Amino acid sequence: MSEQVIGVVGAGTMGQGIAQVLVQSGFAVKLYDVADEQLQRARAAIDKGLGKLVAKEKLGEADKDAAMQRLDTSTALDALRDCEVIIEAAPEQPALKEKLFRDLSRLTHEAILASNTSSLSLTRLAAVCERPERVVGMHFFNPVPVLKLVEVIRAEQTSDATVARIEALTESLGKTAVAIGDSPGFAVNRLLVPMINEAAFLLQEGVASAEDIDAAMKLGAAHPLGPLALADLIGLDVCLSIMEVLQEGFGDPKYRPCPLLKRMVDAGYLGRKSGRGFHVYS
């Protein structure tokens, strides 16, 4: 069991998943969020996630209890002061993330600050920190307990030692680290989200229904999930945000967000988390 204490900032879907994988792997975790209600939901979700592993006989009941005891929650950012690594999983808002990194860099001078951002510039985040060489991207994928990939993104300022530390942490979680340069959307989302955006254009133009678009990609391209169903899983607001980052970062019209995607986000049809996206969920 590791004696490291890892901080996680943000108790939403990604923060919950990251915290679960960490405590399951033997790390003590301090999970921070501004809302105590969200922390309570996160604890319940992590307990449920570990319970599923017990039901599948992939984890013992005693191991589950021990993992939950390694989880500590707080609404005070100062609780992360002694963490060796802090993984930020806050909403994908540049101003919010920059403020968090600025505050965290003042709070702790020794910790590695890793961002789970899916598309934003790590170089820009590092620039607001007092120790920019200790800033790095650690991009997990949803659902975190299931998917094995972690994109490790090096900012212009990131040191070799920081990258090596995060790659080692990734491997200790049973995941695979892939080194990616600091470019808009990194690798996976630069490939994946424009495909989702194009699927939205197909739907908008009446070329095919959402069900048929998804069926075509599952049966014709061997995708386990169709692009519109995948957008619902990711969150349509997240997909739109990534497309906007790609459009701004590259200035290329091929990254223009689909108007239908924009309208659905404006309407609050965000996918599974809202009960309705390209498909309807009960």
Side-chain angles (χ1 to χ4, degrees), residues 13-14 89 91-94 97 115-125 137-144 146-155 176-274 276-279:
T13 300
M14 295 303 294
E92 200 77 344
Q93 301 169 12
K97 288 184 185 288
S115 177
N116 183 58
T117 178
S118 57
S119 60
L120 298 178
S121 169
L122 270 301
T123 298
R124 181 173 166 181
L125 285 177
M138 193 178 187
H139 182 210
F140 292 82
F141 290 81
N142 186 34
V144 177
V146 176
L147 297 183
K148 297 296 185 183
L149 175 66
V150 175
E151 288 181 318
V152 177
I153 300 101
R154 179 192 291 265
T176 299
V178 174
I180 304 293
D182 188 17
S183 179
F186 313 131
V188 172
N189 282 336
R190 183 172 169 182
L191 292 167
L192 181 65
V193 180
M195 180 189 71
I196 290 172
N197 194 57
E198 194 63 27
F201 271 113
L202 285 174
L203 181 62
Q204 175 180 280
E205 295 164 11
V207 175
S209 67
E211 291 76 13
D212 286 344
I213 291 168
D214 283 345
M217 291 305 290
K218 288 168 66 178
L219 300 175
H223 288 196
L225 199 63
L228 298 179
L230 179 58
D232 286 348
L233 177 63
I234 294 170
L236 271 60
D237 52 337
V238 176
C239 293
L240 176 59
S241 175
I242 293 170
M243 287 305 302
E244 290 172 340
V245 167
L246 292 172
Q247 185 182 39
E248 179 182 354
F250 293 111
D252 193 320
K254 72 180 181 180
Y255 295 116
R256 177 174 70 95
C258 177
L260 174 61
L261 179 62
K262 287 184 174 182
R263 291 199 303 272
M264 293 182 73
V265 171
D266 287 342
Y269 302 153
L270 307 181
R272 287 182 177 271
K273 59 188 173 185
S274 68
R276 177 176 174 180
F278 291 111
H279 302 279

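Bear in mind the structure is a predicted one, so any value in this text is a computation, not a measurement. Residue numbers count from 1 along this sequence.
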Side-chain donor/acceptor of Q247 to backbone N/O of P253, under 3.5 Å: no
Side-chain donor or acceptor of S183 paired with backbone N/O of F186 under 3.5 Å: no
Minimal non-hydrogen separation, P184 against G249, with atom names: CG-CA, 3.9 Å
Min side-chain heavy-atom separation F278-M264 under 4.5 Å: yes
Steps toward side-chain contact (heavy atoms from CB on, under 4.5 Å) verdict (L225, K218): CA-CA 6 Å; L225 199 63; K218 288 168 66 178; 5.7 Å; no
Any donor-acceptor N or O pair under 3.5 Å, side chains D214, H223: no
Whether N142 side chain and I234 backbone form a donor-acceptor pair below 3.5 Å: no
Distance, nearest 0.5 Å, that separates CG of L203 from CD of E198: 12.0 Å
Contact check, side chains of H139 and T117, non-hydrogen atoms, under 4.5 Å: no
Closest heavy-atom pair and its distance - G268, S274: O-OG, 3.3 Å
Check against side-chain contact (heavy atoms from CB on, under 4.5 Å), H279 and E211: CA-CA 8 Å; H279 302 279; E211 291 76 13; 3.7 Å; yes
Nearest-0.5 Å distance, CG of residue D182 to OG1 of residue T123: 4.0 Å
Heavy-atom donor-acceptor pair, E92 side chain to S118 backbone, under 3.5 Å: yes
Trace of the side-chain contact (heavy atoms from CB on, under 4.5 Å) decision for L261 with L236: CA-CA 7 Å; L261 179 62; L236 271 60; 3.8 Å; yes
4.5 Å side-chain heavy-atom contact, N116 and M138: no
Gap between atom CG of L125 and atom CD1 of I153 - 0.5 Å precision: 11.0 Å
P194 side chain reached by K254 side chain, heavy atoms, under 4.5 Å: no
Crowding at CD, E248 (>12 non-hydrogen neighbours, <6.0 Å): no
Within-4.5 Å side-chain heavy-atom neighbours: P259 and F201: yes
Minimum side-chain heavy-atom gap V188-E151 below 4.5 Å: yes
Flag side-chain contact, heavy atom, 4.5 Å: K97 against L120: yes
Side-chain H-bond candidate by donor/acceptor type, N189 with S119, under 3.5 Å: no
Side chains of V265 and L270 in contact at under 4.5 Å (non-hydrogen atoms): yes
C239 SG to I196 CD1 distance, which is reported to the nearest 0.5 Å: 4.0 Å
Non-neighbouring partners of F250 that pass ring-ring contact (aromatic ring centres under 6.0 Å, His included), sequence neighbours left out: Y255
side-chain contact (heavy atoms from CB on, under 4.5 Å) between S115 and L122, intermediate numbers included: CA-CA 8 Å; S115 177; L122 270 301; 4.0 Å; yes
Whether Q204 side chain and L260 backbone form a donor-acceptor pair below 3.5 Å: yes
Set of salt bridge (charged side-chain N to carboxylate O under 4.0 Å, His left out) partners for K273, sequence neighbours left out: D237
M217 CE to L202 CG distance, which is reported to the nearest 0.5 Å: 10.0 Å
For R256, all residues meeting salt bridge (charged side-chain N to carboxylate O under 4.0 Å, His left out), sequence neighbours excluded: none
Side-chain donor or acceptor of E244 paired with backbone N/O of P257 under 3.5 Å: no
From CG (D212) to CG (L228), nearest 0.5 Å: 11.0 Å
